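Keep in mind the model is a prediction, meaning the values are calculated, not measured. Note on naming: letters A, B, ... go to the chains in the order of the sequence lines (proteins, then strands), and numbering restarts at 1 for each one.
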Number of protein chains: 2
Amino acid sequence: MPRPSSNGRPTVKDVAAAANVSATTVSRVLGGDYPVSASTRKRVLRAVRDLDYVINAQARALVGGSTRTVAFVVRDLVGPLFACIGQGVELQATAEGRVCLVSTHHGDPDRELELIELMREQQAEAVVLVGGGLRTESHTRRMAEIAHSLDRVGSRLVLCGRPPIGPDVPATVVEYDNEGGAFAVTDYLISLGHRRIAFVGAGEPEHTTTGARLGGYTAAHTARGVEIDRELIVSGNYDRESGYRQTTALLARGAGMTAVVGVTDMVASGVLAALRDAGLRVPEDVSVVGYDDIPLSADLNPALTTVRIPHEELGRAAVRLALHRDEHALDQHMMLGTHVVIRSSTAPPGRH
Amino acid sequence: MPRPSSNGRPTVKDVAAAANVSATTVSRVLGGDYPVSASTRKRVLRAVRDLDYVINAQARALVGGSTRTVAFVVRDLVGPLFACIGQGVELQATAEGRVCLVSTHHGDPDRELELIELMREQQAEAVVLVGGGLRTESHTRRMAEIAHSLDRVGSRLVLCGRPPIGPDVPATVVEYDNEGGAFAVTDYLISLGHRRIAFVGAGEPEHTTTGARLGGYTAAHTARGVEIDRELIVSGNYDRESGYRQTTALLARGAGMTAVVGVTDMVASGVLAALRDAGLRVPEDVSVVGYDDIPLSADLNPALTTVRIPHEELGRAAVRLALHRDEHALDQHMMLGTHVVIRSSTAPPGRH
DNA sequence: TTGTAGGCGTTATCAC
DNA sequence: GTGATAACGCCTACAA
């Protein structure tokens with residue numbers, strides 16, 4: 001086993017010495033695009049193998065300009081929707097020869113902003129924010145500032161599954177029709193004959209995802225001339241337990257709904273469990289719909305009617321647009337469609 | 001908006017100029033641990049804010065030694081088990097002040113090796129391989145070489161959910177009792193009275209996960225003196241579709257099993273769907289068990305009996321051990337326990 | 001075709 | 001307390 005110079009990590013110099021050439025020549029052989037004699041190339045490559053040399057990506061980035069790194073910031077890795085979109089981000093980034101940094105904020109908007117800063121230190125070429133976010137005045141302003149910060153250093157803020165921040169903000173936005181999907185699935189329930197439809201949401205209405213989905217729910221009622229009982233709109237977190245708790249509470253106070261819209265499939269799975277535990281049958285007694293169409297939705301009990309989002313394409317498009325944007329275009333915006341997937345958790349309301 | 005020197009990205013020099021101090025002083029203020037007069041510190045911090053300066057992590061790593069980066073390499077982000085373990089990796093890495101690089105190999109062992117190289121270029125402090133892997137002669141040898149390569153440059157190979165490579169290989173291993181879990185859940189089926197238990201696996205037997213789980217399945221039969229019909233052992237991929245296909249094929253050729261062990265919960269969900277589509281009831285006609293206890297297992301139809309793995313702790317321990325290892329300890333090994341979670345998909349066999 | 005010099009942004013070292 | 005200088009590992013001039 002050859003002993004390189006100092007630290008243990010061989011450098012171009014070590015390779016150069018071993019191959020009896022200059023560091024420049026080594027760099028050229030490795031770079032590929034420069035004329036080097038066959039014999040020299042051979043000697044260099046041989047030395048590279050002998051020393052088990054790999055290039056130092058940090059040093060290369062320092063001089064070469066780009067780190068070839070894409071960062072994605074997400075609520076958590078376990079949420080199936082985030083994972084699906086993240087998958088798209090990773091696939092496209094890899095396809096474009098980039099490596100991926102990940103970090104999670106667990107729903108804390110301030111932490112999200114911190115993470116963007118961290119990714120700016122890492123010189124990420126693009127910072128992809130996956131999933132919905134807060135949309136308060138102050139948070140929006142800080143987000144806009146950050147977009148400008150990134151832009152100034154040649155990086156790019158990408159919103160993936162979240163609406164644009166504002167007209168003059170340099171950012172790439174790839175979203176899906178959140179409100180449209182919620183409208184469609186609520187409208188479907190109304191068309192089945194439901195009139196008392198609960199909405200089990202998550203977080204404050206300032207959160208873009210809950211906000212837009214609640215908006216679609218409301219709009220569908222309005223469009224059909226069905227009045228909404230505000231008592232039927234409840235809110236918790238984006239997890240299964242929350243769906244369970246909210247539903248149990250609704251039942252406890254005799255809300256009398258014949259259908260439930262879960263803000264996500266994960267929440268809807270909690271809703272299903274709560275109804276089952278209360279001795280109610282789905283869909284005979286209560287219909288349930290979710291949102292996201294995560295991998296196991298079709299295997300739930302019963303198979304969940306939900307709204308399909310083009311997860312992977314969302315992530316792919318985010319990276320593709322961000323890396324190939326026209327340098328002069330300030331903002332980019334892309335909207336992908338959603339559609340209702342009808343399964344077994346919905347039916348016309350029974351008598352009660 | 002202040003205009004920094006050249007590129008657009010302000011540097012310590014820009015900050016130094018703006019604050020009327022030297023670059024060294026700026027570095028000291030930012031570093032924190034060095035005496036600097038209050039007034040100077042204030043001027044520097046002010047300049048930092050004005051210029052919207054953030055440190056260049058690449059440059060710092062170049063001189064400072066460490067990138068403070070942990071890499072994790074995983075089959076894919078969508079697989080719930082990988083996501084859960086990855087979550088643990090990310091949480092612990094963040095807790096230790098590291099950033100996370102992620103990449104996916106989609107089950108291709110050669111790609112996995114390439115990715116480790118890539119992470120070595122990135123100077124990752126540790127490279128965590130999440131999930132099972134191939135264990136052929138040649139692959140094992142190459143993996144051992146890579147472990148040495150990483151070790152030589154002060155990095156660390158971490159196997160998370162995979163057995164050790166060999167005694168003299170510098171690596172950190174955090175695994176769970178794969179075989180024990182499979183033994184326990186198979187033994188449970190046998191104790192219920194099942195004698196014809198199918199095993200729906202994935203990949204070649206050289207894959208550590210399938211191998212160990214099949215081993216536990218076999219051992220349980222042996223221990224109980226139950227003979228195995230090799231016809232009942234089939235194999236495909238680690239996804240739902242594969243579980244569906246294999247089960248349908250088993251039924252088509254009249255395998256006559258009264259229970260099925262799915263190699264993962266994802267596969268088991270496909271098994272459930274296939275049985276349902278064939279008009280069989282679970283658990284009355286056929287019992288089904290999975291492995292992993294992924295988030296929605298309890299919500300499947302029916303709720304899945306499975307083997308619980310300490311997902312998050314697996315990931316956390318991997319990072320913790322790798323970062324705090326004794327410099328002199330060659331290999332580290334930790335084994336976490338598993339346990340059977342009994343739900344509604346299992347029952348004594350009916351008559352047939 | 002090959003080599004030399006300089007600099008990327010940061011910190012450690014040594015001087016003041 | 002503060003500043004100049006020399007590295008870190010690589011690449012892009014420019015020169016031979």
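Separating the CD atom of A/Gln58 from the C1' atom of D/dC10 is a distance of 12 Å, rounded to the nearest angstrom. Following rounding to the nearest Å, A/Leu30 (CG) and D/dC11 (P) show an atom-to-atom distance of 7 Å. One atom, CG of B/Leu62, and another, P of C/dC8, lie 13 Å apart when rounded to the nearest Å. Put simply, CG on A/Leu51 is 15 Å from C1' on D/dG9, counting in whole angstrom units. If you take CG of A/Asn56 and P of D/dC8, they are 12 Å apart, rounded to a whole angstrom. For A/Ile55 and C/dC8, the CD1 to C1' distance is 15 Å, given to the nearest whole Å. Here C/dC8 presents its P atom at 15 Å from CD of A/Gln123, a figure rounded to the nearest Å. Rounded to whole Å, the distance from CZ on B/Arg28 to C1' on C/dT11 is 10 Å.
Evaluation of the salt bridge (Lys or Arg N to Asp or Glu O under 4.0 Å) test over residues 66-75 of chain A, restricted to residues two or more places apart or in two chains, returns none.
Within 4.0 Å of B/Thr25, counting heavy atoms only, lie sugar-phosphate atoms of the nucleic acid but no base atom.
Within 3.5 Å, no donor on the side chain of B/Arg41 pairs with an acceptor on the base of D/dG1, nor the reverse. You'll find a donor-acceptor pair under 3.5 Å spanning the side chain of A/Thr24 and the base of C/dT4, going by distance alone.
Of the candidate nucleotides C/dT4, C/dC8, C/dG9, C/dG9 has the atom nearest to the side chain of B/Val12. Checking C/dT11, C/dG3, D/dG9 against every side-chain atom of A/Thr11, the shortest atom distance belongs to D/dG9.
Heavy-atom nearest nucleotides on DNA chain D were determined for B/Val36 and for B/Ala59, and the one closer to the 5' end corresponds to B/Val36. Remark on DNA chain C: of its neighbouring residues A/Ala38 and A/Val63, the 5'-side contact belongs to A/Ala38, judged by nearest-heavy-atom nucleotide.
Interatomic distance, A/Arg320 CZ to A/Glu96 CD, rounded to the nearest 0.5 Å: 8.0 Å. Atom CZ of residue A/Phe82 and atom OG1 of residue A/Thr104 lie 10.5 Å apart, to the nearest 0.5 angstrom.
The side chain of A/Thr40 contributes an N or O atom lying less than 4.0 Å from OP1 or OP2 of C/dT2. A/Arg60 has no side-chain polar atom (N or O) that falls below the 4.0 Å cut-off from OP1 or OP2 of D/dC10. Contact annotation: B/Tyr53 reaches the phosphate of C/dT10 (side-chain N/O to OP1 or OP2, under 4.0 Å).
Around the CZ atom of A/Arg325, the shell of radius 6.0 Å holds more than 12 heavy atoms that belong to other residues, nucleotides or ligands. More than 12 heavy atoms of other residues, nucleotides or ligands lie within 6.0 Å of CZ in A/Arg41, so this atom counts as buried by the packing criterion.
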